[in-house]
Every structure is written in C-alpha cells, then in structure tokens.
Amino acid sequence: PMPWTNTLNGEFSKNKPWLPLSEQHLETCVSSQELDENSMLNAYREFLNWRKNYPALVIGTIEFIETQEPILAFWRQTDEQKILCCYNLSEQAAELEIPDTIKCTQLNPLSHNKGQYKTNKITLPGFSCFYAIG
C-alpha cells in the first residue's frame, strides 16, 4: 500500500488494510515528501519533467558501455540525438575514463546529477549520475 498521509491507514483505505502498514512507510508518505524538496518523490518528478526535453531519453535505443562496477553507463540514441548516461551505484566516489574520440557536453544538471566531466574523465560522487550530449 502507498500511504498518502501519515494518518492511521495512510489514507490508503478507509478500512483496515489486509497487509500491515509499517510506521516507516507512513514517515515517507506523499504529503510529507511533497513538502521536502530533496525527497525521492520530488527527484522523480524533476527527472520525468526534465527528460521530456530529450527525445533520446524517451524513445531512443540503448547501447550499454562496458564499465567496471559500480558504474553503469549507456548511450540513448535517436537519429537526431545521442545522450551518454552514467550512474554510480555505490556510496563511494567513482571515475569513468572516456576515450579521446568521444566529445560530449554535459546536459543541464538536475538536483541529483552531481557528476563532472573533465579531460576525458567523468567523476561521479556516491549514488550520482551524469548526462551528456555526445
């Protein structure tokens, strides 16, 4: 069940839910997350709104790039646009070397997009991402 508020049943139902609703879930209810600009809900909303500006992210094909853990990287591409997407899936900072043949320009950053591109290297703080037009 998804709690909308931190009330007894999270406004998930007027009746007692057949599954128990944990206090931890009530703490992250929608009404609380809407008030927190750094919440997961607001990060998703920001990303989905931002993504609409880049057709490659919405309808593009995907081509994975071989990387070392903890980095996940891939290209999203349409005939008109190619975007590099990199994610650090750990809490420790990580780096990804980019070949000299690849030139990219960082896209407008999001609040959770903390990666940096300098001299053929992308530096990603823990649990961060990086997007660039290639």
Side-chain angles (χ1 to χ4, degrees):
M2 184 178 93
W4 292 94
T5 67
N6 62 359
T7 59
L8 178 64
N9 293 326
E11 288 188 32
F12 172 72
S13 172
K14 292 184 181 352
N15 301 314
K16 183 178 178 182
W18 66 279
L19 290 174
L21 194 56
S22 166
E23 285 294 320
Q24 291 174 322
H25 289 248
L26 292 176
E27 293 170 11
T28 59
C29 66
V30 171
S31 63
S32 295
Q33 288 196 54
E34 285 182 326
L35 300 174
D36 179 4
E37 65 182 37
N38 296 314
S39 71
M40 185 63 67
L41 175 63
N42 284 322
Y44 271 101
R45 286 177 172 168
E46 177 191 23
F47 176 76
L48 292 173
N49 188 48
W50 174 83
R51 185 180 84 136
K52 292 176 189 175
N53 298 307
Y54 302 101
L57 295 176
V58 178
I59 60 170
T61 60
I62 189 167
E63 178 186 339
F64 287 95
I65 300 169
E66 191 171 327
T67 62
Q68 296 293 316
E69 288 185 9
I71 295 178
L72 170 67
F74 51 86
W75 291 100
R76 292 292 307 263
Q77 182 174 341
T78 63
D79 289 340
E80 297 81 28
Q81 191 175 66
K82 188 173 185 178
I83 297 178
L84 175 63
C85 306
C86 302
Y87 304 90
N88 180 355
L89 305 178
S90 81
E91 61 186 317
Q92 303 300 321
E95 293 182 340
L96 177 64
E97 296 285 333
I98 302 294
D100 290 338
T101 55
I102 296 176
K103 302 296 179 207
C104 57
T105 304
Q106 186 169 0
L107 292 176
N108 297 334
L110 295 158
S111 60
H112 62 281
N113 181 3
K114 307 289 187 198
Q116 297 292 318
Y117 175 67
K118 292 182 183 171
T119 319
N120 297 41
K121 185 185 297 183
I122 297 171
T123 303
L124 295 156
F127 299 121
S128 67
C129 58
F130 174 86
Y131 302 96
I133 294 280

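Values below: every heavy atom of this structure, side chains too, minus hydrogens, waters and symmetry copies. In this chain, numbering begins with 1 at the start of the sequence shown. Computed from a predicted structure; not experimentally measured.
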Which atom of [X] lies closest to which atom of [Y], heavy atoms considered:
X: E97; Y: K121; answer: OE2-CE, 3.1 Å
X: L96; Y: C86; answer: CD2-SG, 3.7 Å
X: S128; Y: G115; answer: OG-N, 4.4 Å
X: A56; Y: T78; answer: CA-CG2, 3.7 Å
X: N6; Y: C29; answer: N-SG, 3.5 Å
X: C85; Y: R76; answer: SG-CG, 4.1 Å

query: For the side chain of N88 and the backbone of Q92, is there at least one donor-acceptor N/O pair under 3.5 Å apart?
result: yes
task: Indicate yes or no for a side-chain donor-acceptor contact from E91 to the backbone of G126 under 3.5 Å, with no hydrogens or angles considered.
output: no
- prompt: With a 4.0 Å cut-off, would you call E34 and R45 a salt bridge?
  reply: yes
Check for me, please, whether [X] and [Y] land in the same ILVMFWY cluster - side-chain distances under 4.5 Å, paths through other members count.
X: Y117; Y: I65; value: yes
X: L89; Y: F74; value: yes
X: Y44; Y: W50; value: no
X: I62; Y: I133; value: yes
X: I83; Y: F47; value: yes

Approximate separation, where rounding is to 0.5 Å, of [X] [atom1] and [Y] [atom2]:
X: I98; Y: K118; atom1: CD1; atom2: NZ; result: 15.0 Å
X: K52; Y: L57; atom1: NZ; atom2: CG; result: 13.5 Å
X: T61; Y: D79; atom1: OG1; atom2: CG; result: 9.0 Å
X: L35; Y: E37; atom1: CG; atom2: CD; result: 11.0 Å
X: Q106; Y: I122; atom1: CD; atom2: CD1; result: 8.5 Å

message: Other residues, nucleotides and ligands only: do more than 12 of their heavy atoms fall within 6.0 Å of CZ on F127?
response: yes
message: Counting only heavy atoms from other residues, nucleotides and ligands, does the tally under 6.0 Å from CG of N53 exceed 12?
response: yes
- prompt: Is the closest side-chain heavy-atom distance between L72 and T67 below 4.5 Å?
  reply: no
- prompt: Is the shortest heavy-atom distance from the side chain of Y54 to the side chain of Q81 under 4.5 Å?
  reply: yes
query: Does the gap between the ring centers of Y131 and Y87 come in under 6.0 Å?
result: yes
query: Run the side chain to side chain contact (heavy atoms under 4.5 Å, CB included) check on D36 and Q33 step by step: do they pass?
result: CA-CA 5 Å; D36 179 4; Q33 288 196 54; 5.6 Å; no
- prompt: Between the side chains of D100 and N120, does any donor sit under 3.5 Å from an acceptor?
  reply: yes
task: For V58 and R51, run side chain to side chain contact (heavy atoms under 4.5 Å, CB included): C-alpha distance rounded to whole Å, both residues' side-chain angles, the deciding distance at 0.1 Å, then the answer.
output: CA-CA 7 Å; V58 178; R51 185 180 84 136; 4.0 Å; yes
